[in-house]
Amino acid sequence: MKSLLEEVRRVEQEAELLIRPEELEAALDLMATEISHRLGDTTPIILCIMTGGLVTCGKLLTRLHFPLQLDYLHVSRYRNQTAGSDDIAWLGKRPEHLAGRHILIVDDILDEGYTMQAIVAFCRQAGAASVSTSVLLDKASARKTAITPDFCAFTIPDRYVFGYGMDYKSFLRNAAGIYAVSR
Ligand SMILES: O=P(O)(O)OC[C@H]1O[C@H](OP(=O)(O)OP(=O)(O)O)[C@H](O)[C@@H]1O
Ligand SMILES: Nc1nc2[nH]cnc2c(=O)[nH]1
């Protein structure tokens, strides 16, 4: 643990700030307006993807002023590492009562796309009336699947990022901006 903490401190010190907190807040305002226009009369279920989606989803929720319900799904493909594994671990309970409902999936980042692809498939199999996807960050140049987000705040370069819910080896989720790990 001691050497991991030393590594985390070094990564934090050497990281490059990509997006400032006030830019994130402004972008969430815009994203919330767009979501409200498109989904505001559908009484959607907002599906927060834990753990990384926690901050984005929480900050988005308080900007949505229409009837909605909140649920969550806990999946992990990176398992607190900086590269994804071949399989997605489904942790905890899976949401029920999705049949016939409009679903908005909210996550922090769309990278290679395998995680979102699997969650969209799960919602469709559960009989959702529609499935929309919303991410704070789109690492479009790293994509290995055909998925594109319906709502997205920023497109970022192919760098490993942390902050605003996103981790570096399970730490630094509490950083207020978006930081890229130094190369
Ligand atoms: O597009 P992909 O390459 O599949 O990666 C995107 C996923 O990776 C992260 O989750 P992670 O597995 O790290 O779990 P976490 O949310 O607990 O950090 C992130 O929160 C997305 O859900
Ligand atoms: N923390 C973090 N998780 C990810 N999951 C997929 N890409 C990333 C990334 O750049 N940072």
Side-chain angles (χ1 to χ4, degrees), residues 4-5 7-21 23-24 27-28 31 45-61 70-95 103-124 131-183:
L4 175 58
L5 273 180
E7 177 184 338
V8 168
R9 282 202 192 93
R10 181 181 49 75
V11 164
E12 187 176 21
Q13 269 170 10
E14 294 174 358
E16 181 187 341
L17 177 63
L18 291 187
I19 310 174
R20 288 180 286 115
E23 294 177 287
L24 291 162
L28 282 170
M31 197 157 79
I45 296 177
I46 310 290
L47 207 50
C48 176
I49 308 308
M50 300 294 280
T51 303
L54 173 70
V55 175
T56 296
C57 190
K59 284 180 170 276
L60 193 58
L61 266 187
L70 175 65
D71 208 337
Y72 68 93
L73 195 54
H74 192 186
V75 295
S76 179
R77 194 165 88 81
Y78 286 68
R79 315 236 165 76
N80 297 330
Q81 298 304 311
T82 56
S85 69
D86 286 342
D87 67 313
I88 296 169
W90 293 74
L91 307 163
K93 60 118 204 163
R94 299 202 189 189
I103 311 298
L104 175 64
I105 301 166
V106 179
D107 207 352
D108 47 4
I109 188 165
L110 191 57
D111 190 323
E112 293 175 345
Y114 293 114
T115 305
M116 189 63 91
Q117 182 175 258
I119 296 167
V120 169
F122 166 76
C123 292
R124 294 215 169 108
V131 185
S132 307
T133 57
S134 167
V135 291
L136 184 70
L137 308 179
D138 183 5
K139 206 189 277 185
S141 58
R143 197 82 82 253
K144 293 187 177 162
T145 54
I147 199 155
T148 53
D150 296 302
F151 306 96
C152 159
F154 295 95
T155 300
I156 60 161
D158 189 5
R159 305 269 305 271
Y160 194 82
V161 293
F162 66 84
Y164 229 70
M166 282 164 279
D167 71 310
Y168 177 81
K169 298 191 178 176
S170 85
F171 287 88
L172 303 176
R173 291 190 194 271
N174 50 322
I178 301 293
Y179 294 84
V181 173
S182 167
R183 287 191 245 254

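Order of listing sets the numbers, starting from 1, for every ligand and every atom in it. Quick note: residue numbers are just sequence positions, from 1.
At a 4.0 Å heavy-atom cut-off, ligand 1 does not touch I88 at all. Both the backbone and the side chain of T115 come within contact range of ligand 1, each with a heavy atom under 4.0 Å.
Shortest contact from atom 2 (C) of ligand 2 to any protein heavy atom: Y160 OH, 3.1 Å. Annotation: atom 12 (O) of ligand 1 to nearest protein heavy atom, R77 N, 2.6 Å. In this structure, the protein non-hydrogen atom closest to atom 14 (O) of ligand 1 is S76 OG, 3.7 Å. Scanning the protein heavy atoms around atom 1 (N) of ligand 2, the nearest turns out to be D167 O, 2.8 Å. Among protein heavy atoms, the minimum distance from atom 11 (N) of ligand 2 is reached at V161 O, 2.7 Å. The protein non-hydrogen atom at the shortest distance from atom 16 (O) of ligand 1 is G52 N, 2.8 Å. At the top of the distance list for atom 21 (C) of ligand 1, counting protein heavy atoms only, stands D107 OD2, 3.2 Å. Nearest protein heavy-atom neighbour of atom 9 (C) of ligand 1: Y78 CD1, 4.3 Å.
Where the criterion is an N or O separation shorter than 3.5 Å, residue side chain and backbone included, M166 fails it with respect to ligand 2. Considering backbone and side-chain N/O of G113, one or more are found under 3.5 Å from N/O of ligand 1. Below 3.5 Å of separation, one finds an N or O of D108 facing an N or O of ligand 1.
A donor-acceptor pair is defined here as one N or O able to donate and one able to accept, closer than 3.5 Å; such a pair exists between the side chain of R143 and the backbone of I147. Side chain of T115 to backbone of S76: no donor-acceptor contact under 3.5 angstrom is found. With K139 contributing its side chain and R159 its backbone, the two residues share a donor-acceptor pair below 3.5 Å.
Nearest heavy atoms, I103 versus C123: CG2-SG, 4.0 Å. In this structure, D107 and G52 approach most closely via the heavy-atom pair OD1-C, 4.4 Å. Considering every non-hydrogen atom in both L104 and S134, the closest pair reads CD1-CB, 3.7 Å.
Within the set R173, H74, M166, the minimum heavy-atom distance to atom 15 (P) of ligand 1 is found for R173.
Residues V11 and K169 are not in side-chain contact: their nearest non-hydrogen atoms beyond the backbone lie 4.5 Å or more apart. Side-chain contact check for M116 versus V135: some heavy-atom pair is nearer than 4.5 Å.
For the residue pair S85/R79, the side-chain donor-acceptor check at 3.5 Å is satisfied.
Atom CD of Q81 and atom OG of S170 lie 9.0 Å apart (nearest 0.5 Å). For the atom pair CZ of R173 and CG of D108, the computed distance is 8.0 Å after rounding to the nearest 0.5 Å.
The side chain to side chain donor-acceptor pair (under 3.5 Å) check on D71 picks up K93, with sequence neighbours excluded.
Under the ring-ring contact (aromatic ring centres under 6.0 Å, His included) criterion, the residue pairs touching residues 149-175 are F162-Y179, with sequence neighbours excluded.
Per-residue contacts place D167 under 4.0 angstrom from the following atoms of ligand 1 (heavy atoms of the residue considered): 18 (O). Close contacts of ligand 2 with R159, meaning ligand atoms under 4.0 Å from a residue heavy atom, involve 10 (O). Ligand 1 places these atoms under 4.0 Å from at least one heavy atom of I109: 6 (C), 19 (C), 21 (C). Remark: ligand 2 atoms within the under-4.0 Å shell around heavy atoms of K139 are 7 (N), 9 (C), 10 (O). Less than 4.0 angstrom separates some heavy atom of D111 from each of these atoms of ligand 2: 6 (C), 7 (N), 8 (C).
In this structure, E112 does not count as a contact residue of ligand 2, since none of its heavy atoms falls inside 4.0 Å of the ligand. Under a 4.0 angstrom heavy-atom cut-off, Y78 registers as being in contact with ligand 2. Taking a 4.0 Å cut-off on heavy atoms, G84 fails to register as neighbouring ligand 1.
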